[in-house]
Q: 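Below you'll find the structure I mean.
Here the structure is a predicted model, which means the values were calculated and not measured. Each chain gets a letter, A, B and so on, in the order its sequence line appears, and its residues count up from 1.
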2 protein chains.
Amino acid sequence: MNDRLDRFDLKILDELQKNGRLTNNELADRIGLSPSQCSRRRSRLEVEGYIEGYQAVLDRSRIGLDLLVVISVTLAKQNHDGAKKFARLVNDLPEVIEAYALTGDMDYHLKVAVRNLAELSRFINNVLLPHDSVEHVRTSIVLDVLKRDRGVTLHIT
Amino acid sequence: MNDRLDRFDLKILDELQKNGRLTNNELADRIGLSPSQCSRRRSRLEVEGYIEGYQAVLDRSRIGLDLLVVISVTLAKQNHDGAKKFARLVNDLPEVIEAYALTGDMDYHLKVAVRNLAELSRFINNVLLPHDSVEHVRTSIVLDVLKRDRGVTLHIT
DNA sequence: GGTGAAAACATCCAAGA
DNA sequence: TCTTGGATGTTTTCACC
């Protein structure tokens, strides 16, 4: 699995999770390797798929998306390809940031960002509920973000 | 709110969400502005807080974290500063990627990444449940990721 | 795993639209 | 006021050690 990653590779991944725009010079300072070595290792980590990409993280509320909600969705059982249709749906909906299929009764979780309650209401009643495959939804509003996604913790020896 | 963002700014944010390591030259090609203009605007978007940072996105399963789970946590009601203690706890736990306080009965949602079921079991029984403030947990395993977080959709005029 | 040099890039400033 | 193009220092990357 990560047998091919030594402690330098792990440190590079760790630093790039914290700041994805670090230069090879800055990486070199932080991990104690030459810049060219960092360049080569980083490029390898990208090519071999350890690094899937780099993302700018935006302040959602700064651009008007003040409401974050988690919507639990139950799909109708009868419809056999309802799951596929639903997957296509959530991928096409710009309000949906993340979507997971889960074990348990409430089959799906959607993380959704909208401007306000009016838009949330419109999204649920005019977009989600009318869809064939959707049987039931339960909406929970995010009151507080206790921990934001800053990547995984890498156990560096 | 975003009155101060014209369509070029929005396009820059959009492109940087998709690829956070775009150079100003690449940005310039994509949005039709000079590289120096892109540099200036990007720096302004950073300083003014529209861009919070840049993150490398890792392939979790490639580094051994094959299990993604959503844990719904109910806190004990009596303990008045249980919420604060819980917030501190989840921030200290490396397994927890995201944590939200929600409206509704199941008060908190944790997104957790672990190596396997043994580690999940250890995390729930030896870490989460023994904590004072935690009353009840319900664990849902992520069976499928329908949509990954690639940032929000910006409505560019 | 490091070095050095060439090419690409970021950033700043003077000047134009 | 917003934008451009060129000057200058940095960064990336490659061949080579």
Q: Rounding to a whole Å, what distance do you find between B:R44:CZ and C:dT11:C1'?
A: 17 Å
Q: For B:Y54 and B:E46: C-alpha separation, side-chain torsions, deciding distance, then whether side-chain hydrogen bond (donor to acceptor under 3.5 Å, both in side chains) applies.
A: CA-CA 10 Å; B:Y54 301 89; B:E46 287 167 9; 2.6 Å; yes
Q: Go through the side-chain N and O atoms of B:Q37 and B:S34 and say whether any donor and acceptor fall under 3.5 Å apart.
A: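 Not at all, the side chains of B:Q37 and B:S34 share no donor-acceptor pair under 3.5 Å.
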Q: Does A:S43 have any side-chain hydrogen bond (donor to acceptor under 3.5 Å, both in side chains) partners at least two apart in sequence or in another chain, and if so, which?
A: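 A:S43 satisfies side-chain hydrogen bond (donor to acceptor under 3.5 Å, both in side chains) with no other residue.
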Q: Which parts of nucleotides 1-14 of chain D does protein reach within less than 4.0 Å, heavy atoms only, written one letter per nucleotide 5' to 3' as B for base, S for sugar-phosphate only and - for none?
A: --BBB-----SSBB
Q: Among B:R115, B:R60, B:K111, B:R122, exactly one meets salt bridge (Lys or Arg N to Asp or Glu O under 4.0 Å) together with B:E95. Which residue is that?
A: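 One option only clears the test, and that one is B:R122.
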Q: Go through the structure and list residues passing ring pair (Phe, Tyr, Trp, His ring centres under 6.0 Å) with A:Y100, not counting sequence neighbours.
A: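 For A:Y100, no residue satisfies ring pair (Phe, Tyr, Trp, His ring centres under 6.0 Å) once neighbours in sequence are set aside.
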